[in-house]
Amino acid sequence: MAHTEWRDAPELPDFSLLKRLARDQLIFLLEQQHEVDKLYKVELKPIVSSSDQLCFLIRPRIQTVKWISDLVNADKVAGRFRRYKIIFTPQKFYACETVLEEQGVYGDVTTDEWNFYILPLDDDILSLELPEFFRDNFLEGDQRWVTTAGSALHLLQSVYGSFSKVYGIGRCAKMVYESWRELMEEGEQRTRQPEFAKVFLVDRDVDFVTPLCSQVVYEGLVDDLFRIKCGSVEFGPDVTSSDKSIKVMLNSQDKVFSEIRNEHFSNVFGFLSQKAKNLQTAYDKRRGMDIQQMKAFVSDELKGLKQEHRLLSLHIGASESMMKKKTKQDFQELLKTEHSLLEGFEIRECITYIEEHINRQVSMIDSLRLLCLLSITENGLLSKDYRSLKAQYLQSYGIKHLLTFANLRQLGLLEEQQAGETLTVMESKVGKLVNDKTVGKLTDAFSSLAKKSNFRALSKRLALVPKSGEEYDLRVPRDMAYVFSGAYIPLSCKLIEQVLERDGWTGLEEVTRMLNGQEFAVTARNKTDAQRIVLVMFLGGCTFSEISALRFLGKERDTYYVKQIEYMVNIKLSI
């Protein structure tokens, strides 16, 4: 198997403290609300309740606040008077209070905050569970969540001690650090033994390529097909082999899942098969036992074996379901096209495949991902390709996606190359010598030279794409590229590796220039020894492939990487 047992691993912080702190604060806030009649899920529809007080626990979203305002006003019209309380989590914003005032209910509602900034999803994953972070910050330019991220870092520092060094790259990362620094200066500084060594803040737009690539590690595929939400997944009848769906927690407590979550999918069936054989051997031990031995077996082992058998059956069912779905969608051809785009080979053949993918309507999302990956790796599409592919996509999936293309363009995910003046002059001179068809081919070549792709340069500088032709043993991976079948090392993870090895950005000036700068490294005033634990904070979400890559890097470097994220997202969920 790819991941052997990690010896001499540093002990991770006890993140259950964060849950207890959040629970105690919520209990304190709810103590004023007595005689609770019923809990309602906010579904933006009328509430039927005879209670004379309503308490809403919500995210600070304008739409939800307007819905509450309508409920209050409806009660007023009906001549019914109740007490209303809104508890915003993780914090309340001025915009929400403004809506209450505009709707004429500000005096009828009391508000409070539940500072539930961080949800521990696993031993080494923390999440802010803010699915709107990416869209709000990177598309809309709404920076309200910056203070939330800064407050989350301040909470971690308060509970687990100071970080010895802070690294970051990206505009949002720099703002989050400044927000956090202000909170540190305002608050009381406590001296305690730190449990984290360093923290690394990275903006999602520093690396758009990684979330656009198809995931092939087991946990990533589960997320792509079944959607992992708050650390749990719901498996349908096709997985459970029954008429019922089952909700399962996916974390290190699941002994089967913990051993395959980071594995390349090609290794998973072999592991599950061997696991089934081992389980059967454990069951077979019952034969020939006397009464005392059987009693001990039942009390000590049988319950655990039954639980493991149940989980094993579910993961085998999930793997079989993945195989069926991926085979139907020509998954291998899709991966081949992605790898060609990453390597910069056979681009015209890739465009042909994308056109076929769009026209066959194989997958609306996958087609869009391929378009974006083509654009980023080629530093934009030639005008004729952009217009043709856009027209074909709109014809296949509807004119409503014009807004999608506008949003992708604004984010820099799907752009049209703009030919320069010098190029136009060169084309006109060539046009006097050759026919129009030849000019078209030369135009393509000159356009590619005119705008050198930053991704290509970054890939070469950081060795993100292994040399083609080299064999890669996915059973015994040699680097982080295994998370993409040996074809590509995630840029975000490579940056983290390089900065930590160099203890800063020295020697990476060319790389940061191509990534539009905004990098920083800050050393704490009181530098103290800490465990080999690094906190990596992705601002705008990350993929399970990146988490698996960082786990691999941690084992190679004898360092734990704790991943803090806003939300487990792929770019496709956020446009």
Side-chain angles (χ1 to χ4, degrees), residues 1-7 9-23 116 118-129 156 159-160 195 215 217-223 225-236 239-240 244-263 265 267-268 271-272 274-276 278-279 282-283 299-319 321-322 531 533 535-536 542-548 550-552 554-555 560-565 567-568:
M1 297 302 291
H3 301 285
T4 56
E5 187 175 350
W6 188 2
R7 298 178 182 177
E11 185 179 349
L12 282 167
D14 180 9
F15 293 130
S16 65
L17 289 173
L18 298 173
K19 292 183 179 180
R20 291 203 293 271
L21 285 171
R23 179 198 61 196
F116 188 19
I118 304 171
L119 174 65
L121 296 180
D122 207 344
D123 295 342
D124 63 346
I125 303 178
L126 307 173
S127 177
L128 273 69
E129 286 301 306
L156 288 174
V159 176
Y160 301 106
E195 297 190 55
Q215 302 193 84
V217 292
Y218 181 74
E219 190 169 12
L221 280 169
V222 171
D223 183 47
L225 294 177
F226 302 104
R227 289 281 161 257
I228 299 174
K229 298 179 180 179
C230 293
S232 68
V233 66
E234 187 169 334
F235 289 132
V239 173
T240 62
K244 296 181 179 179
S245 295
I246 297 178
K247 199 168 187 178
V248 181
M249 292 299 297
L250 295 179
N251 53 40
S252 56
Q253 300 302 311
D254 181 337
K255 299 305 179 185
V256 177
F257 175 71
S258 64
E259 293 190 64
I260 61 174
R261 66 190 310 178
N262 303 309
E263 291 294 330
F265 188 63
N267 298 329
V268 171
F271 170 83
L272 293 176
Q274 186 59 49
K275 194 76 173 176
N278 295 342
L279 199 59
Y283 273 121
S299 62
D300 299 337
E301 297 181 49
L302 188 57
K303 185 178 179 180
L305 289 173
K306 286 184 176 180
Q307 172 71 358
E308 193 170 351
H309 183 270
R310 185 183 72 87
L311 294 172
L312 182 61
S313 298
L314 285 173
H315 290 297
I316 289 175
S319 298
S321 181
M322 289 178 200
Q531 294 195 66
I533 301 176
L535 175 69
V536 179
C542 77
T543 65
F544 285 106
S545 297
E546 287 166 304
I547 290 178
S548 293
L550 288 177
R551 285 181 178 136
F552 177 89
K555 290 181 180 180
Y560 251 129
Y561 290 84
V562 176
K563 283 65 68 177
Q564 183 174 347
I565 54 178
Y567 196 58
M568 293 306 309

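Numbers here simply count residues along the sequence, with the first being 1.
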So do the side chains of [X] and [Y] get within less than 4.5 Å of each other, counting heavy atoms only?
X    : Y    : result
Q215 : T543 : yes
I125 : I547 : yes
F226 : S321 : yes
E129 : L121 : yes
L21  : F116 : no
I246 : V239 : no
K306 : H309 : no
T240 : S245 : no

Verdict with reasoning, E195 to D14, per side chain to side chain contact (heavy atoms under 4.5 Å, CB included): CA-CA 10 Å; E195 297 190 55; D14 180 9; 6.0 Å; no

Minimal non-hydrogen separation, D123 against S252, with atom names: OD2-OG, 2.8 Å

What heavy-atom pair brings L279 and L312 nearest, and what distance separates the two atoms? CD2-CD2, 4.0 Å

Would you compute the distance between atom [atom1] of [X] and atom [atom2] of [Y] and round it to the nearest 0.5 angstrom?
X    : Y    : atom1 : atom2 : result
E259 : K275 : CD    : NZ    : 4.0 Å
D223 : I228 : CG    : CD1   : 4.5 Å
F257 : N251 : CZ    : CG    : 8.0 Å
L311 : I316 : CG    : CD1   : 11.0 Å
F15  : L119 : CZ    : CG    : 12.0 Å
L250 : K247 : CG    : NZ    : 11.5 Å

Start with the C-alpha gap between L314 and V256, add the side-chain angles, then the distance that decides, and say whether side chain to side chain contact (heavy atoms under 4.5 Å, CB included) holds. CA-CA 10 Å; L314 285 173; V256 177; over 6 Å; no

Counting distance only, does the side-chain N/O of S548 pair as donor-acceptor with the main-chain N or O of S545 below 3.5 Å? no

Show the numbers, then the answer: is there a salt bridge (Lys or Arg N to Asp or Glu O under 4.0 Å) between R261 and D122? CA-CA 12 Å; R261 66 190 310 178; D122 207 344; 2.7 Å; yes

Tell me every residue that passes side-chain hydrogen bond (donor to acceptor under 3.5 Å, both in side chains) with [X], counting only those two or more places apart in sequence or in another chain.
X    : value
D254 : H315
Q274 : N278
S319 : none

Go through the steps to decide whether V248 and F235 satisfy the test side chain to side chain contact (heavy atoms under 4.5 Å, CB included), and finish with yes or no. CA-CA 8 Å; V248 181; F235 289 132; 4.0 Å; yes

Does Y218 have its ring centroid less than 6.0 Å away from the ring centroid of F544? no

Applying salt bridge (Lys or Arg N to Asp or Glu O under 4.0 Å) between R551 and each of E546, E263, E219, report the one that passes. E219

